[in-house]
Undergrad: 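Here's a structure for you.
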Amino acid sequence: MSPPDPAATAAWLARNAEDCLPAGGLEAKLRTDRPLRVKLGIDPTAPDIHLGHTVVLGKLREFQDLGHTVVLIIGDYTARVGDPSGRSATRPVLSGEEIDANARSFQDQALRVLDAERLEVRFNAEWLDMAMSELFRLLATTTVARVTERDDFAKRLADGSAISMLELLYPLLQGYDSVAIRADVELGGTDQKFNLLLGRDIQRAYGVSEQVILTMPILPGTDGVRRMSKSLGNYVGVADPPGEIYGKTLSIPDTALADWYRLLLDRPVPAELAPRDEKRALARALVERYWDEVAAAAAEAEFDRVFGGHGTPSEVPEVLFAPANGLVHLPALLGQAFDVSTSEARRALAQGGVRFDGEQVDRGVLDVGVDAVDGRVLQLGKRRFARVRIV
RNA sequence: GGCGGGAUUCCCGAGCGGUCAAAGGGGACGGACUGUAAAUCCGUUGGCUCAGCCUUCGCAGGUUCGAAUCCUGCUCCCGCCA
């Protein structure tokens, strides 16, 4: 990338970003002709990295490849305090060990996208565990009106729902991170726009050079509607096995295809492909990225066999079953094989959702002879398989 | 400090003494269909020794033949006025 032209480089970096503010800011930073410090804050409560994260991580990687330094901030201090934003159950306070383990796991996975060179990992307990006098100084940098401008705060305020003090504080703490590490650029999803901008104000108040903010669009999850997130269960993890990445990708609605192509592969949907192949190509590309070509081809072949050809997977777990007086009680067998309740198993049977070697069990049948099941592949629905071994 | 609102099955949310395992939506699951784990349509969605039985409606008691629904006391949450 030499000799780099700052204007062109800035435009290239911002090409698929939602916002890059202030205008001309990134170009000016690049003109300083030194490695920039590019910040991303992460929350160590949910350690698994999914494709949604990779949109931002991929952008960080571009900065790295241009010679800049990525500073990953692990929000260990804030996690230790616990976020009371509603339903305390969803956000348990984590112990130090858990946070450390999560942070490590996050780093491992992040390295599937990031370059270990030019990477600095910092924990914000390093500077946030401050004296109260210093906290006061931080709090004095901003007003309530300023913070409650934030979209979601404004909305909640308007309809009379709860906002905790700590939530109000979060943007300030995040902004202080930027002061502490002297961030030149901070990345985030579009939902972070307010916090990132506030970071600039706080940096200014501390007499530090203000960061440029760059926000990336939010990747829709496998449901095609809501943002990809672990808690919504609509995510594809970068550490998922090839078959999972492939299958989950094929399950996205067609309407999400364009976003996935643009945000994950940085290219438009190939116009020459048939609708079905557009998605298969995407799924293959993603498996290749996190595994390799061999795994991608294998995942596709496996998928075609199991779902297209209604075959059984090449590898299925085995379940050992001890029949009572020569008969196999199917609800019991299903419960043992797939950890479903008896009632659930009965329902599946009543709905024709149980098969042996692909052959549907007649509805209403609850018991079968040993010979009818031993060594055969039991299937529940489309996705759960187990080879039965009578003992 | 005062006043008011609320806690329901995975989630949201109806219910206001029996017809309630509890409407509706979401999600999930199953079936059909198909180019896919897409879309669409249909069905299911507390547990069990399953035409019956058992356990659920914040917690603990009480009233009643009978309570998610009424009363009392707790616990927690939320808003408003100071």
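Residue numbers start from 1 in every chain, and the chains themselves are labelled A, B, ... in the order their sequence lines are given, proteins ahead of strands. Below, each value reflects all heavy atoms present in this structure, side chains not excepted, and no hydrogens, waters or symmetry copies.
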Undergrad: Which nucleotide, B:G31, B:A37, B:C29, lies nearest any side-chain atom of A:Arg383?
TA: B:A37
Undergrad: What's the CG-P distance between A:Leu330 and B:U49, to the nearest Å?
TA: 13 Å
Undergrad: Checking contacts here: which listed nucleotide (B:G31, B:U44, B:C48) is nearest the side-chain heavy atoms of A:Arg355?
TA: B:G31
Undergrad: Pick the C1' atom in B:U9 and in B:A23, then give their distance to the nearest Å.
TA: 13 Å
Undergrad: Roughly how many Å apart are B:C70 and B:G5, using the P atom of each and rounding to a whole number?
TA: 13 Å
Undergrad: Mind checking the P distance from B:G26 to B:G13? Whole angstroms is fine.
TA: 15 Å
Undergrad: For A:Thr342 and B:U49, is the shortest distance between a side-chain N/O and OP1 or OP2 below 4.0 Å?
TA: yes
Undergrad: With C1' as the reference atom in both, quote the distance from B:U64 to B:A68 in angstrom, rounded to an integer.
TA: 16 Å
Undergrad: Please give the nucleotide sitting opposite B:G61 as a Watson-Crick or G-U wobble pair, both distances under 3.5 Å, or none.
TA: B:C71
Undergrad: To the nearest angstrom, how far is A:Phe303 atom CZ from B:G35 atom P?
TA: 14 Å
Undergrad: Apply side-chain contact (heavy atoms from CB on, under 4.5 Å) to A:Glu186 and A:Leu40, showing your working.
TA: CA-CA 6 Å; A:Glu186 179 164 12; A:Leu40 176 70; over 6 Å; no
Undergrad: Of the nucleotides B:G30, B:U36, B:G31, which has the atom closest to the A:Arg384 side chain?
TA: B:G30
Undergrad: With RNA chain B as reference, determine whether A:Gln360 or A:Arg226 sits nearer its 5' end, using the nearest nucleotide of each.
TA: A:Arg226
Undergrad: Would you mind pulling out the nucleotide paired to B:U45, Watson-Crick or G-U wobble, both distances under 3.5 Å?
TA: B:G27
Undergrad: Strictly by Watson-Crick or wobble contacts shorter than 3.5 Å, is anything paired with B:A22, and which nucleotide is it?
TA: none
Undergrad: For this output row, return yes or no: ring centroids of A:Phe194 and A:Phe153 closer than 6.0 angstrom.
TA: no
Undergrad: What is the distance, to the nearest angstrom, from the CG atom on A:Leu327 to the P atom on B:U49?
TA: 16 Å
Undergrad: Determine the interatomic distance between P on B:C16 and the same-named atom on B:A22; round to the nearest Å.
TA: 16 Å
Undergrad: Say you pick atom C1' in B:A39 and the same atom in B:C33; how far apart are they, in whole Å?
TA: 11 Å
Undergrad: Is the shortest heavy-atom distance from the side chain of A:Gln174 to the side chain of A:Leu196 under 4.5 Å?
TA: yes
Undergrad: Is A:Gly247 touching bases, backbone alone, or none of the nucleic acid, heavy atoms closer than 4.0 Å?
TA: base
Undergrad: Return the nearest nucleotide to the side chain of A:Ser343; candidates are B:G47, B:A37, B:U44.
TA: B:G47
Undergrad: Measure CD/A:Glu278 against C1'/B:U36 and give the value in whole Å, please.
TA: 12 Å
Undergrad: Need one value for A:Gly243: base, sugar-phosphate or nothing, where a base atom within 4.0 Å counts as base even if backbone is also close, heavy atoms only.
TA: base
Undergrad: Taking atom types as modelled and ignoring hydrogens, do the side chains of A:Asn234 and A:Arg227 form a donor-acceptor contact shorter than 3.5 angstrom?
TA: no
Undergrad: Distance check: side-chain N/O of A:Ser341 vs OP1/OP2 of B:C48, anything under 4.0 Å?
TA: yes
Undergrad: Does A:Arg347 place a side-chain N or O at less than 4.0 Å from the phosphate oxygens OP1/OP2 of B:G47?
TA: yes
Undergrad: Give me the distance, rounded to whole Å, that separates B:A51 from B:C77 when you measure between the P atoms they each carry.
TA: 46 Å
Undergrad: Rounding to a whole Å, what distance do you find between A:Ile252:CD1 and B:A39:P?
TA: 11 Å
Undergrad: Heavy atoms from C-beta onward define the side chain here; which of B:G47, B:A38, B:G31 lies closest to that of A:Ser251?
TA: B:A38
Undergrad: Between atom NZ in A:Lys248 and atom P in B:A38, what is the gap in whole Å?
TA: 15 Å
Undergrad: If you check every side-chain atom of A:Phe307, which of B:C50, B:A37, B:G35 has the closest atom?
TA: B:A37
Undergrad: Expressed in whole Å, how much space separates the P atoms belonging to B:U56 and B:G62?
TA: 15 Å
Undergrad: Do A:Gln379 and A:Thr312 get their side chains close enough for a donor-acceptor pair, meaning under 3.5 Å?
TA: no
Undergrad: Report the nucleotide, chosen from B:U36, B:A32, B:U44, that has the shortest atom-to-atom distance to any side-chain atom of A:Lys279.
TA: B:U36
Undergrad: Considering only distance and modelled atom types, tabulate donor-acceptor pairs under 3.5 Å from the side chains of residues 14-27 of chain A, sequence neighbours left out.
TA:
| residue | atom | partner | partner atom | Å |
| --- | --- | --- | --- | --- |
| A:Arg15 | NE | A:Asp266 | OD2 | 3.4 |
| A:Arg15 | NH1 | A:Trp12 | O | 2.7 |
| A:Arg15 | NH1 | A:Glu62 | OE1 | 3.3 |
| A:Arg15 | NH2 | A:Glu62 | OE2 | 2.8 |
| A:Arg15 | NH2 | A:Asp266 | OD2 | 2.6 |
| A:Asn16 | OD1 | A:Lys59 | NZ | 2.9 |
| A:Asp19 | OD2 | A:Lys193 | NZ | 3.3 |
| A:Glu27 | OE2 | A:Arg31 | NH2 | 2.5 |

Undergrad: Quickly work out the A:Leu349 CG to B:G30 C1' distance and round it to whole Å.
TA: 11 Å
Undergrad: Mind calculating the distance between CH2 (A:Trp260) and C1' (B:A38) to the nearest angstrom?
TA: 12 Å
Undergrad: If pairing requires Watson-Crick or G-U wobble contacts with both distances under 3.5 Å, which nucleotide is the partner of B:C80?
TA: B:G2
Undergrad: Anything under 30° is parallel, anything over 60° is perpendicular, the rest tilted; go ahead and classify A:His50 against A:Tyr235.
TA: tilted
Undergrad: Scan side-chain atoms only and decide if A:Thr249 and A:Lys279 contain a donor-acceptor pair under the 3.5 Å cut-off.
TA: no
Undergrad: Mapping A:Asp254 and A:Arg346 to their closest nucleotides on RNA chain B, which lands nearer the 5' end?
TA: A:Asp254
